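Here the structure is a predicted model, which means the values were calculated and not measured. Below, chain A is the first sequence line, B the second, and so on; all start at residue 1.
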2 protein chains.
Amino acid sequence: MQRVTMMDVAKLAQVSPSTVSLYLRKPAAVSPAAGQEIARAIAALGYVPNLVAGGLAAASSKVVSVIVPSIRNAFFAETVSSLQSALVAEGFQVLLGHSEYGEEQEEALVRTALSWAPAAVVLTGLSHSAGTRKLLQASGVPVVEMWELGADPIDMAVGFSHPQVGATAARHLLSKGRRTLAFLGARMQEDHRAAKRASGFVEEARQGEPRTCEIINHPGAATVEAGSLLLNRALQQIPDLDGIACSNDLIALGALFECQRRGIAVPESIAILGFGDLDFSASCIPSLTTIRPSGDLIGREAARLILSSIHGEPPDGSARIVDTGHVLVERRST
Amino acid sequence: MQRVTMMDVAKLAQVSPSTVSLYLRKPAAVSPAAGQEIARAIAALGYVPNLVAGGLAAASSKVVSVIVPSIRNAFFAETVSSLQSALVAEGFQVLLGHSEYGEEQEEALVRTALSWAPAAVVLTGLSHSAGTRKLLQASGVPVVEMWELGADPIDMAVGFSHPQVGATAARHLLSKGRRTLAFLGARMQEDHRAAKRASGFVEEARQGEPRTCEIINHPGAATVEAGSLLLNRALQQIPDLDGIACSNDLIALGALFECQRRGIAVPESIAILGFGDLDFSASCIPSLTTIRPSGDLIGREAARLILSSIHGEPPDGSARIVDTGHVLVERRST
DNA sequence: TGAGTCTATCATAGCGCTACGATCCAGGTT
DNA sequence: AACCTGGATCGTAGCGCTATGATAGACTCA
């Protein structure tokens, strides 16, 4: 038993391999008669094209390599999902990697990714090791950095400003009359984007002359449980706390649960503001005021940048950077 | 500017390309002196091996293709994440696809997946189109079906029995004295595994002579909001409802929120049991009794099966099927 | 000392496909 | 009748690497 090759199809259809290849890539360029013969032969033999060989011959494979910190994170799962849908529709495959928020791990992933001669590489965030930047620049492959906007992207970028998200959060809490504030975040040594939201929050809050404004970090992952722990720590440090912003809706939900457990009224005693607008945020009690980043849109825009970059019309100038913005979704928790 | 090839490395290191290739695959087989020269040359040139060429020459690429219904689903995100970690450690990459619960879409994905001459293919569940089965069997590639166990897997399988999960849920509710039961699920036309949990639930519940036992389905995705809707529909149909099992913790959480909203005591008036043991399930109020399937373990075991299948010791007989079981996690909601 | 046995290295022949330029052959033009 | 045109088809030369013996040299042992 042998693998069926294009040659076999060509023989059966009584044409040359070149014609089969042409038919597969541009069916319109082949006469209807030959096309039918070829289609018949493909079906009869159960031919599956070998994209590895094709990729080698064409010097670029129909693969887009996507590297995210973690796919367990609902944000990135959403983005990867929409990015993938858009790319698959154009005949591309997604090679996935997760860096676990480590720059060296990311560099290793980029290295392997480039080994596949991908059509494009998608990275998360703007913080990368020098080696990563060098590898990518040397490769000449289109690169999209997503989920963050700022100075000096490697190639293209689609996302939003995290400091601005923090600022929006601070303004909202201040507008609700809150003056004793905290920002609850997780893993902020590694998750630079969360850290930027935190510092944007503090900076903006300062304008409103708060009584206090602390950043409280949980070293572990951003989970509901972490949210409960963080709220307890916050209350220990700031007994008269009246407003919190969280780096993630999961943390906000944990804080909310902890308030319920301790009999603290939300939003009357403490206002809670999240980030992400996850699945449960509209449904919980009270429903969660949050900031929606639209991971879905980021994925779609990233796909658009990649496709136009490949199809010969590389976006230039400011078109290489897409700001997807953020939206404050006001609900009952503030 | 040219792409750096193995030939360039060989020239600089003053050895033949074969030796470089050998060094890259089995460093121990090359003398330390030559090895050092080669390593130096690789670093100096910034050489990145071309795995596409390698895959073609070796007739199998270091890629494992994984197809899940959706990565937005926390279950599969967890599995993919652990599967990937295990595979990356052995030098494999993961090519991801999502079928959106469609068999034709899955077949199309399998077809493209096979075009990459993958080292293995991982599928979700046991329900596939005839075409999918034929393609995979003809290809001779190792196949793992995950998240479900039952008769006649294509090649290997790792997962658990969904009817048994349903039965466990039913027994637990019965043991708590509940007799007016409902199973709340979403998308059960397409999500066969959820449907099997439902029917396992009903079948086992019948043994306990319940007053009622209904299956209620939401056609859309399994979300917290769907849970709220489902609880309302259940109460409409069964006003004296006293126990529900949900096909997913998100639905259970939605049901829980809706109970709170309507002032129904949980578990006193209605006991709620979930599935998945998601992030929030231990933290919500009351904490959620649930059944934990261990998506993490499934991913690790799938990786193990794949690796041993590739490394020449294909597991045989019953070792080709791994039952990861399920665990009832009893908390406050029942 | 010569045969036998390693170990380290190498030359060669593809893997299956695509890109490119060449070729063929109707049908029209002068 | 000679010439051109352009669409359809084909032949060839790699893409960059790995697998497979083959070879050279160092070492052992009778």
Legend entry - Rounded interatomic separation in angstrom, taking CG from B:L51 and C1' from D:dT18: 12 Å
Closest approach to the side chain of [X], judged atom by atom: which nucleotide of [options] is it?
X: A:S16; options: C:dC15, D:dC10, C:dT9; result: D:dC10
X: A:V15; options: D:dC10, D:dT9, D:dC17; result: D:dC10
X: A:T19; options: C:dC17, D:dC10, D:dA19; result: D:dC10
X: A:A57; options: C:dG14, C:dG16, C:dT9; result: C:dG16
X: A:V30; options: C:dT9, D:dT9, D:dC17; result: D:dT9

Inset, instruction - With heavy atoms under 4.0 Å as the rule, sort A:V52 into base, sugar-phosphate or nothing. - result: nothing
Inset, instruction - Would you mind classifying the nucleic acid contact of A:Y47 as base, sugar-phosphate or nothing, using non-hydrogen atoms under 4.0 angstrom? - result: sugar-phosphate
Legend entry - Residue whose closest nucleotide on DNA chain C lies nearer the 5' end, B:A29 versus B:A59: B:A29
Inset, instruction - Using the closest heavy atom to pick a nucleotide of DNA chain C for each, name whichever of A:P49 or B:A33 lands nearer the 5' end. - result: B:A33
Inset, instruction - Calculate, to the nearest 0.5 Å, the distance between atoms CZ and CG belonging to A:R300 and A:L305 respectively. - result: 13.0 Å
Inset, instruction - Answer with yes or no whether the side chains of A:W147 and A:T79 bring together a donor and an acceptor at under 3.5 Å. - result: yes
Inset, instruction - Between A:P32 and A:P17, just flag the one whose closest nucleotide in DNA chain D comes earlier from the 5' side. - result: A:P32
Inset, instruction - Would you kindly check whether a donor in the side chain of A:S18 faces an acceptor in the base of D:dG11, or vice versa, at under 3.5 angstrom? - result: yes
